[in-house]
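Below is one structure, written out as structure tokens, with a few remarks after it.
Each chain gets a letter, A, B and so on, in the order the sequences are listed, and its residues count up from 1.
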Protein chains: 2
Amino acid sequence: MDELLNKDTEEKILDAAKNVFINKGLDGARMQEIADEAKINKSLLHYYYRTKEKLFMAVFKAVSGKILPKSLEALNSDISIFEKIEVFVENYIDLLIKNPSIPLFVITELKRNPNGFPAMMLDFVKNLDVNIVQKVEMEVRKEIEKGTIREIDYRHLFINMLSMCIFPFAGRPLIQKIAFEDNSSEYDKFLKERAKEVSSFIINSIKI
Amino acid sequence: MDELLNKDTEEKILDAAKNVFINKGLDGARMQEIADEAKINKSLLHYYYRTKEKLFMAVFKAVSGKILPKSLEALNSDISIFEKIEVFVENYIDLLIKNPSIPLFVITELKRNPNGFPAMMLDFVKNLDVNIVQKVEMEVRKEIEKGTIREIDYRHLFINMLSMCIFPFAGRPLIQKIAFEDNSSEYDKFLKERAKEVSSFIINSIKI
DNA sequence: GTCTATAATGTGATAGAC
DNA sequence: GTCTATCACATTATAGAC
């Protein structure tokens, strides 16, 4: 049984490093803690990844691709803009329920390094589906012309949508204290309701 | 002229510490850097604040009160709920334009310390205007009954509002890269337009 | 109160045996 | 590939002169 659970060392290290870096950040993480979590000797970390920074970059690269839903088939499909919004929001919030710590991690570490880690930045941008923004722009313009939705700046609309999806996860430690008396299971329940609340909130706002 | 700029040492230290801690976090900050920024000797930091942790707590306490607009007179005044939303959003975004780094700092450091720093936590909760949530609840219920706004969960409404206000500041490093080709001045312009965009977005969604 | 010098510790990284 | 032992350095913190 332990046989099957055994991954090779390099993978065990990366998994442990994800946990620790995501929770403590680059500065707060300790190589010893990563080694303990991976149940290996600290020296092995350096054997496989040379330095803490390189290990961090491997983690960041592996994780940052999840910050935006990769392929947004919805935008290319035949359904109405309202259905597209519903699908996007639901998929995205599902993704965040499965990976709740990623947004705050990525945001924090992106900020931490305005211009450092050039290699990391390239990977990050490469991982992003930047075209998503252009697709949103075209889609919104088209629907305004058709008269399906009211006149609205596509960037504000898009960022409103992202904000309402991401912030409840990134800002959880804050919101849970402000509005949920720090009750964790109540907050989980709240997050599960959210997909349909957010998409209907948006649609109500823009539908003519 | 330097005469007038001189503050007493303790205050200079706190100001410098705010800058450094907000930008680097507790783990990333260096006492030496704080001393340099305050233009004093590193030993003086310990003379006034004893430890790095205590200095950090002084900063966190001084800063965390700004995370929510303190007195929300708007909620108690006579204006319509729509005007209340406009006033809240505009005041809050103005506050964030003046203190753009505070939300991410508070969220990050709150998360960093799920149960550590009990004293810090008490101060944080004390600084919060927790009643604001109850006020929002009553207000929303009242307006739904009056038929001014559609049926909506007050917590989702409130957090939608907070999300759209705060996330563009907390998530700036991310959003600016995704949607603004990392153009900083374009993003500043975007933030200035935001107050009216957000409040009209909300009102359009809930008005009957 | 403010400084210089230094202690005490934590932590990333390497050498070298197996 | 994996371990033990250790280095080299950064960083918080303190002692003590002025």
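Note on A/E139 versus A/K142: salt bridge recorded, some NZ/NE/NH1/NH2 to OD/OE distance being below 4.0 Å. With respect to the salt-bridge test (charged N to carboxylate O, under 4.0 angstrom), the residues B/K189 and B/E193 do not qualify. At a threshold of 4.0 Å, the pair B/K126-B/D123 counts as salt-bridged, since one of the basic side-chain nitrogens sits closer than that to a carboxylate oxygen. With respect to B/R172 and B/D188, a salt bridge is recorded, a charged nitrogen being found less than 4.0 Å from a carboxylate O. We find that A/R112 and A/D27 are joined by a salt bridge, their nearest charged nitrogen and carboxylate oxygen being less than 4.0 Å apart.
Taking atom OH of residue B/Y48 and atom C1' of nucleotide C/dC3, one finds them 13 Å apart after rounding to whole Å. Per the geometry, CG belonging to B/L45 stands 13 Å off C1' belonging to C/dG1, to the nearest Å. With rounding to whole Å, A/Q32 atom CD is found 13 Å from C/dA13 atom P. One can place CG of A/L44 at 5 Å from C1' of D/dT2, the figure rounded to the nearest angstrom. Rounding to whole angstrom units, CD1 of residue B/I13 and P of C/dG1 are separated by 11 Å. Atom CD of B/E10 is separated from atom P of C/dG1 by 8 Å (rounded to the nearest Å).
Looking only at atom types and distance, the side chain of B/Q32 has a donor-acceptor partner in the side chain of B/D36 under 3.5 Å away.
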For nucleotides 13-17 of chain D, list the nitrogen or oxygen atoms of the protein found under 3.5 Å from its nitrogen or oxygen atoms, one pair per line.
| from | atom 1 | to | atom 2 | distance (Å) |
| --- | --- | --- | --- | --- |
| D/dA13 | OP2 | B/H46 | NE2 | 3.3 |
| D/dA13 | OP2 | B/K52 | N | 2.7 |
| D/dA13 | N6 | B/K42 | NZ | 3.1 |
| D/dT14 | O4 | B/S43 | OG | 3.2 |

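Listed in residue order, the members of residues 22-30 of chain B having a heavy atom less than 4.0 Å from DNA chain D are B/A29, B/R30.
Contact check, B/T9 against C/dG1: no side-chain N or O comes under 4.0 Å of OP1 or OP2.
Not counting sequence neighbours, A/F158 has no partner by the ring-ring contact (aromatic ring centres under 6.0 Å, His included) test.
In this structure, B/F201 and A/F201 have tilted ring planes: the angle between them lies in the 30° to 60° band. Note on ring orientation: taking the six-membered ring where Trp is involved, the planes of A/F60 and A/F105 are tilted (angle from 30° to 60°).
Of the candidates C/dT2, D/dT4, D/dT2, D/dT4 carries the atom nearest the A/N41 side chain, counting heavy atoms from C-beta on.
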